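Shown next, in structure tokens, is the structure this report addresses.
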Amino acid sequence: LPSGFVSVSRLSLVVVQSAQMQPDTHVYMFVCCVQVQDYLEPFRLSLEKLQEVSARATPDGTGSNWRRHIWGHENFLALDLGGTNFRVLHVRVVEEEQKMLKMDSQICAIPQEMMLGTGEQLFDHIAACLGDFLVSQDLKGHTLPLGFTFSFPCEQKEIDKSILIRWTKGFKCSGVEGEDVVKLLKEAIQRRGDYDIGSVAMVNDTVGTMMSCGYRDQSCEIGMIIGTGTNACYMEEMKNVKRVEGEAGRMCINTEWGGFGDDGSLRDILTEFDVVVDETSINPGVHTFEKMISGMYLGEIVRLVLVRLAKEKLLFKGQTSKDLLTPNTFQTKFISEIEDGLENAQNILTKLGLKWDDVDSRVVRLVCDTISSRSARLCAAALATLANRIRVNRGLDHLKTTVGVDGTVYRKHPNFSKELQATVRLLAPKCDITFLVSEDGSGKGAAMVTAVAQQHVCCCSSLFLLAAHKTTLNLHLTTCCVSMLH
Ligand code: BGC
């Protein structure tokens, strides 16, 4: 083998895997892979580059004691809207001593047309699903408090007042941006008139995840989602939160890190394929970081690279297929499956109507590996920023903390979590981070926030205000939509 070949680590992996091949196949692979390499190189971010990205992602400063607050109430409802499905939950406190929460839930699909329809249709559908669920749980006639996980960038004015800044993740319902989504939900329920809900607490899914993981591990102070979209929240010192008066305690900040790079600060690492993904999305120009990382976009980036490699005759003998040429046909879950085994890669390529040979399937796996690896490393860069910030804020030489995580990309991809964790260790060497995968999703966390809000709603109209009024509560739960960039 030519010596240059083995010096490129990822390509050498391909060589090792194909050691039983004929020598001429090796030569063909060498030539082909070196050219493929030209296309994949821009996705490979060095540690130095990630350190730079991490340094650019500086939050602008913008509780664990909740356990004891939640036991006064027994039944809560939760709604979880953030992707193509939404979940309705009934959360119950069943064993006070053991602090057991029990949940029943139902998933309702949101048809594609509805994601692009009117806000009224969307909220009527949510209200209808909640109504059906109440019937199935024999809860009709009970007015229960409701935790609403609404996982889109919002300006949270109060615990039950949250203005949608913009839709993400393929949603574009008219008449919702700029409006209070809690009000829209309540109006939809009133239009039906057959049931009512109690007080509402709205949270982002990152906050719900942090809360539900915090139930198992009280040192959980970061919540991170890497699924259809991506985002993280963390506990910030009140003295650094400029928007709210008061210095004592901590407040949960929703970073909305998906919007990192919208000011052009990631331009140097965007590839030509990222640019196409952005331009053909329904929200061009925004959520740049999310489009390089999350499940909604990874499959499409891979598809665009494969089309280009085929057109350059570096794959499939220069042939494509109707499916490969159709946007969004290469699902993000294919990436996980392909990286899991070569046989999966071959089955998927066949399903996509492609004529492949052994080298093709290995190159496709290399493409998937490169793109998912970039995603994991970029997430690590942003997470390292948060962990380092918490450490420095507290004047600690060493921080031990826990990140509550959820999302299909993190959960389902075979190497993603390992790569992310290894990179965070390099970028935040003074932080000892435990990763806790959320068991129950963010809905349970939303119900917990509702429970805490319920306890204190009588003395102050919202937890947001509690924070502002410097009460002695340890928990100041609210989410300020603070871009990591400003
Ligand atoms: C939204 C965030 C959300 C994330 C994960 C992003 O598109 O802007 O609010 O937390 O997706 O669901």
Side-chain angles (χ1 to χ4, degrees), residues 57 59 62 78-87 107 110 115-116 147-156 162-173 176-178 181-182 202-213 222-234 252-262 277-278 281-298 300 332 375 378-379 382-383 386 403-413 416 420 437-438 440-446 449 477-485:
T62 44
L79 287 182
D80 190 349
L81 177 70
T84 45
N85 288 323
F86 87 96
R87 257 194 349 149
I107 291 184
I110 302 191
M115 290 166 73
L116 303 172
F148 186 15
T149 310
F150 185 78
S151 308
F152 300 93
C154 285
E155 169 138 22
Q156 185 138 10
S162 205
I163 313 292
L164 176 65
I165 297 172
R166 62 168 173 252
W167 286 114
T168 56
K169 297 178 284 194
F171 277 78
K172 197 99 191 144
C173 300
V176 188
E177 285 176 353
V181 288
V182 176
M202 216 203 84
V203 293
N204 184 262
D205 52 355
T206 52
V207 181
T209 299
M210 185 185 76
M211 287 294 288
S212 73
C213 288
I222 299 180
M224 177 172 77
I225 305 281
I226 312 163
T228 311
T230 185
N231 189 14
C233 69
Y234 72 105
C252 181
I253 300 291
N254 170 6
T255 66
E256 283 296 340
W257 77 20
F260 180 28
D262 290 0
V277 163
D278 177 50
S281 69
I282 61 169
N283 55 350
V286 295
H287 262 47
T288 310
F289 195 59
E290 175 158 292
K291 287 173 184 163
M292 300 169 86
I293 285 175
S294 78
M296 174 107 199
Y297 308 97
L298 286 184
E300 183 62 3
T332 295
S375 164
L378 281 174
C379 277
L383 181 61
L386 295 187
V403 181
V405 201
D406 208 349
T408 41
V409 174
Y410 187 91
R411 277 174 181 279
K412 301 263 168 76
H413 187 280
F416 193 96
L420 185 150
V437 176
S438 156
D440 312 292
S442 51
K444 183 165 118 183
V449 178
L477 263 174
T478 186
T479 55
C480 298
C481 175
V482 178
S483 158
M484 294 186 70
L485 279 174

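Source: prediction; values computed, not measured. First listed ligand is number 1; within each ligand, the first listed atom is number 1.
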**Request:** Report the distance from atom CE of M202 to atom CG of L79, rounding to the nearest 0.5 Å.
**Result:** 11.5 Å
**For K291, all residues meeting side chain to side chain donor-acceptor pair (under 3.5 Å), sequence neighbours excluded** = D278, S281, N283
**Message:** I want to check something: taking the side chain as every heavy atom from C-beta on, are M210 and I222 in contact at a cut-off of under 4.5 Å?
**Reply:** no
**Complete:** Output for pair (D80 CG, S151 OG), nearest 0.5 Å, gives 5.5 Å
**Request:** Can you label the angle between the F171 ring and the W167 ring as parallel, tilted or perpendicular, going by 30° and 60°?
**Result:** parallel
**Prompt:** Any side-chain donor-acceptor pair under 3.5 Å between N231 and D205?
**Reply:** no
For ligand 1, output the ligand-protein N/O contacts shorter than 3.5 angstrom; if there are none, return none.
{"unit_1": "ligand 1", "atom_1": "7 (O)", "unit_2": "T168", "atom_2": "OG1", "d": "2.7"}
{"unit_1": "ligand 1", "atom_1": "7 (O)", "unit_2": "E290", "atom_2": "OE1", "d": "2.8"}
{"unit_1": "ligand 1", "atom_1": "7 (O)", "unit_2": "E290", "atom_2": "OE2", "d": "3.0"}
{"unit_1": "ligand 1", "atom_1": "8 (O)", "unit_2": "E256", "atom_2": "OE1", "d": "2.7"}
{"unit_1": "ligand 1", "atom_1": "8 (O)", "unit_2": "H287", "atom_2": "NE2", "d": "3.2"}
{"unit_1": "ligand 1", "atom_1": "9 (O)", "unit_2": "F152", "atom_2": "N", "d": "3.4"}
{"unit_1": "ligand 1", "atom_1": "9 (O)", "unit_2": "N204", "atom_2": "ND2", "d": "2.8"}
{"unit_1": "ligand 1", "atom_1": "9 (O)", "unit_2": "E256", "atom_2": "OE1", "d": "3.4"}
{"unit_1": "ligand 1", "atom_1": "9 (O)", "unit_2": "E256", "atom_2": "OE2", "d": "2.6"}
{"unit_1": "ligand 1", "atom_1": "10 (O)", "unit_2": "N204", "atom_2": "OD1", "d": "3.0"}
{"unit_1": "ligand 1", "atom_1": "10 (O)", "unit_2": "N204", "atom_2": "ND2", "d": "3.4"}
{"unit_1": "ligand 1", "atom_1": "10 (O)", "unit_2": "D205", "atom_2": "OD1", "d": "2.6"}
{"unit_1": "ligand 1", "atom_1": "10 (O)", "unit_2": "N231", "atom_2": "ND2", "d": "3.0"}
{"unit_1": "ligand 1", "atom_1": "11 (O)", "unit_2": "K169", "atom_2": "NZ", "d": "3.1"}
{"unit_1": "ligand 1", "atom_1": "12 (O)", "unit_2": "K169", "atom_2": "NZ", "d": "2.8"}
{"unit_1": "ligand 1", "atom_1": "12 (O)", "unit_2": "D205", "atom_2": "OD2", "d": "2.6"}

